[in-house]
Number of protein chains: 2
Amino acid sequence: MFAFTFSLSHDAPTAPFPARQVSVHYHGWMPRRHNQSQSPSQVDVARAAGVSTQTVSRVISGQANVRPETARRVLAAVDELGYRVHAAAASLASGRTRILGVIEVSTARYSTSAINVGIETVASEEGYTVTTASVSDHASPDSFLDAFDRLERQGAEGVILLAPVTFLDNAMGARTERTPTVLMHHLTSGVGTDTVVDQSSIARLATEHLLSLGHRTVWHVSGDDYWLESRVRRQTWEQVLIEHGVTPPPVIPADWTPESGYRAGRTIAAIPDATAVFVSSDEMAFGVIRALHEAGRTVPDDVSVVSVDDIALAAYAAPALTTVRQPFEAVGRAAATRVIDLIEQREPSPIEPISAELIVRASTAPPGSAGTAR
Amino acid sequence: MFAFTFSLSHDAPTAPFPARQVSVHYHGWMPRRHNQSQSPSQVDVARAAGVSTQTVSRVISGQANVRPETARRVLAAVDELGYRVHAAAASLASGRTRILGVIEVSTARYSTSAINVGIETVASEEGYTVTTASVSDHASPDSFLDAFDRLERQGAEGVILLAPVTFLDNAMGARTERTPTVLMHHLTSGVGTDTVVDQSSIARLATEHLLSLGHRTVWHVSGDDYWLESRVRRQTWEQVLIEHGVTPPPVIPADWTPESGYRAGRTIAAIPDATAVFVSSDEMAFGVIRALHEAGRTVPDDVSVVSVDDIALAAYAAPALTTVRQPFEAVGRAAATRVIDLIEQREPSPIEPISAELIVRASTAPPGSAGTAR
DNA sequence: TTGTATGCGTTATCAG
DNA sequence: CTGATAACGCATACAA
């Protein structure tokens, strides 16, 4: 039934663009053997179809001004020979690569995967290819510069920074100046009006939900402050509290991981009158709730928890997470659309802001519902 | 504080490989203006260093046979001009791209992200670049062929199939024959001895754990059968049961998602004497447990649950998941190493099999522990 | 509507 | 140890 071999290959795999042959010795001049490679070139197609390479090129790129009959012949030859455009040659000649670069942190995360799906979708629709460069240490400017350089060398025409860049020195500036760049940060953090998901409204939604339930104050477990999203949410949370006349309690810092959420949860458990927490991600919320329960404080009876993201598992937490949904895929699509607009110097497509949506499930309740609920 | 602009760019972004200038009209022959682009080329460096382009090339690629002094001069010029190799030109000339292609399903998953991290790591160490092609429908052979073609056109010298390929017809075969390909499937499914994680031992570990706890039989919630991993685990589970003299109950099919796990959980809840379940992924286990609890059957008191993966959230489930850990990143690294070995036609690096590890947490217990545990 | 002639920036060959 | 020079495969301007 599983008749596959371990890896599909053979003894002598052929490089896609085979190195040219060792040239034979002659007395006079001798060209290096032309088109010795397996892969047929435009010349081969042209010969087979009885036209010039120019015509082949035209047909391939779907230009007009080709007699239908000629086009058909060319296409037939293409098919017959299994001809395919040689991307490197094409971009050398045209000056265009249609490559999109993505820089991301090398940390496994659900959101990364989801955003990538969005980017990929748009890219392939627009005929672009995506190449990725990972950055292991998001605190090191140099690793970002390296990643950027790798992408530029590869010919990336635009770059999406799916990573927290908290600095923007000359070196980085020089790069973003010559290569259109979109910072995911800004696409989602509501710095301008031009955002997909306004992080600040996420924080507002969460905080006000808790307040409206009757909680006197709301504690906050923040994400890694390298990320703008984290900072914007924290600021908004503070501001909302102030608007409601309450002095914000100290932030409980964490770093997006469930472990850090767990530690934050222990801190909260030690605060007797804490009844409501706004946690900056679902993953951290899992940790917070676990710590709370271990300390004998039930959610939502003793403490209410709202978080952010609505990952697939949010609905299956115990209790199911009340959370503000983030449309990751849409964010990815928006980012890709934006870079491509920039690259093609076209009017920027309007970005449809997606309003963050509060999904009320079972992790929040009015204060003092102990014994009442459940 | 956040003095960034929305997207870092400007009115006239420059393509990385700028299109050549419109040529000026002369009477006689006139070359199209050479090197009009911003980016300096080898010629510029050569001129600046007072050497030939050949020497520049040699220095750049770190070949021997260059006088130290000359090398220094070239390097200085490179630095001064900000010269960088033009990947397209280089691969056109050399026939090598050093591009690795990855085909993945466009479904957001934690594991995808984790495996990618591993691939990226090795790739960049080996000087390769990674480009991705997504496949939306993993049931459609054509979408795989498309993805493969996109990668080949781009010049991928090797391909990693991080997606379930359950067919292998001529069209696919032709591609995997000319381009070294590694099926993630086979790297992890124990078809040969040459595997990173033997899926079959995962299933054995899980099933025997449950049996050794004293459960009479073990039910199984499987993943999507498009994935070999899913099938191998199911077969092994059956086999282990048979070895222990018990007739395997019918499989409860699911598709990796927590929702499908939830549905499977309802099915199990309806089976009075089911006391142990082997669930093929942590994400599904969240769903299974939720359904069980809703039906009034507690985990692990009434029903024990083991799953697979040990994702970051597994330890924060309620109860914490007993699970068999899968070293995703290592799998990614192994896959990348393998394709690169294939590409460079070097002796395949020995793959260190990583033994799957059973992490016992709180979701399993001896049968009939109701009232005892907790 | 089609063909001819360059050049894109680099590497490889071979001669000094 | 170094330099001329010919490809690599395609796209483009221009002529026909």
Side-chain angles (χ1 to χ4, degrees), chain A residues 15-26 29-37 39-46 49-61 63-71 73-74 83-97 153 155, chain B residues 15-26 29-37 39-46 49-61 63-71 73-74 83-97 153 155:
Chain A
F17 305 159
R20 78 180 65 86
Q21 200 77 342
V22 177
S23 62
V24 196
H25 249 300
Y26 278 80
W29 173 81
M30 195 63 204
R32 280 181 268 176
R33 196 90 136 69
H34 188 96
N35 197 30
Q36 166 62 23
S37 58
S39 6
S41 75
Q42 263 186 11
V43 180
D44 302 306
V45 176
V51 297
S52 72
T53 64
Q54 181 48 238
T55 303
V56 176
S57 177
R58 272 194 278 260
V59 173
I60 296 295
S61 56
Q63 286 178 40
N65 295 347
V66 175
R67 195 155 28 107
E69 163 54 17
T70 311
R73 274 213 326 278
V74 171
Y83 166 80
R84 273 135 58 164
V85 185
H86 186 299
S91 55
L92 182 55
S94 70
R96 297 238 20 211
T97 60
R153 183 156 30 79
Chain B
F17 305 159
R20 81 177 63 85
Q21 200 78 343
V22 176
S23 62
V24 197
H25 249 300
Y26 278 79
W29 172 82
M30 194 62 206
R32 283 181 268 173
R33 196 91 137 68
H34 189 93
N35 195 29
Q36 167 62 26
S37 59
S39 5
S41 75
Q42 265 186 14
V43 181
D44 302 306
V45 177
V51 297
S52 73
T53 64
Q54 187 44 237
T55 301
V56 176
S57 177
R58 272 194 276 259
V59 172
I60 296 295
S61 57
Q63 285 179 40
N65 295 348
V66 175
R67 194 159 25 115
E69 163 54 18
T70 311
R73 275 214 324 279
V74 171
Y83 166 78
R84 272 132 60 164
V85 188
H86 187 299
S91 55
L92 181 56
S94 71
R96 298 242 13 216
T97 60
R153 185 155 30 79

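Just so you know, these numbers come straight off a predicted model, no measurement behind them.
- Taking every side-chain heavy atom of A:Thr70 into account, C:dT2 is the closest of D:dA11, C:dG9, C:dT2.
- Listed nucleotides: C:dG9, D:dT2, C:dT11. Nearest to the side chain of B:Thr53: C:dT11.
- The side chain of B:Gln42 approaches C:dT10 more closely than any other nucleotide in the set D:dA11, D:dC1, C:dT10.
- One interatomic measurement links the two molecules: CG of B:Leu92 to C1' of C:dG7, which rounds to 12 Å at whole-angstrom precision.
- Phosphate proximity of C:dG3 to A:Ser52: present, with a side-chain N or O under 4.0 Å from OP1 or OP2.
- Distances from the side chain of A:Thr55 to the nucleotides C:dT2, D:dG9, C:dT11 place C:dT2 closest.
- For A:Ser94, the side-chain atoms get nearest to D:dA11 when compared with the rest of C:dG3, D:dA11, D:dC10.
- Among D:dG3, C:dT11, D:dC8, the nucleotide with an atom closest to any side-chain atom of B:Ser57 is C:dT11.
- Expressed to the nearest 0.5 Å, how far OG of B:Ser41 lies from OH of B:Tyr83 amounts to 7.0 Å.
- Counting only heavy atoms from C-beta outward, the side chains of A:Ser57 and A:Gln42 approach each other to under 4.5 Å.
- For the pair B:Arg153 CZ and D:dC10 P, the interatomic distance rounds to 12 Å; values are reported in whole Å.
- Atoms CZ (A:Arg96) and C1' (D:dC10) sit 15 Å apart, rounded to a whole Å.
- In this model, a side-chain donor or acceptor of A:Arg58 finds a partner on the base of C:dG3 within 3.5 Å.
- For the pair B:Ile60 CD1 and C:dG9 C1', the computed distance is 13 Å after rounding to whole Å.
- Looking at residues two or more places apart in sequence or on another chain, you find a side-chain contact (heavy atoms from CB on, under 4.5 Å) between A:Ala49 and A:Val51, A:Val74, A:Ala77.
- The heavy-atom pair separating B:Ala88 from A:Leu92 by the smallest distance is CB-N, 4.4 Å.
- Candidate nucleotides D:dT2, D:dA11, C:dG9 were compared by shortest atom distance to the side chain of A:Ala93, and D:dA11 ranks first.
- A:Val56 comes within 4.0 angstrom of nothing in the nucleic acid, heavy atoms only.
- Partners of A:Arg67 under the side chain to side chain donor-acceptor pair (under 3.5 Å) rule, at least two apart in sequence or in another chain, do not exist in this structure.
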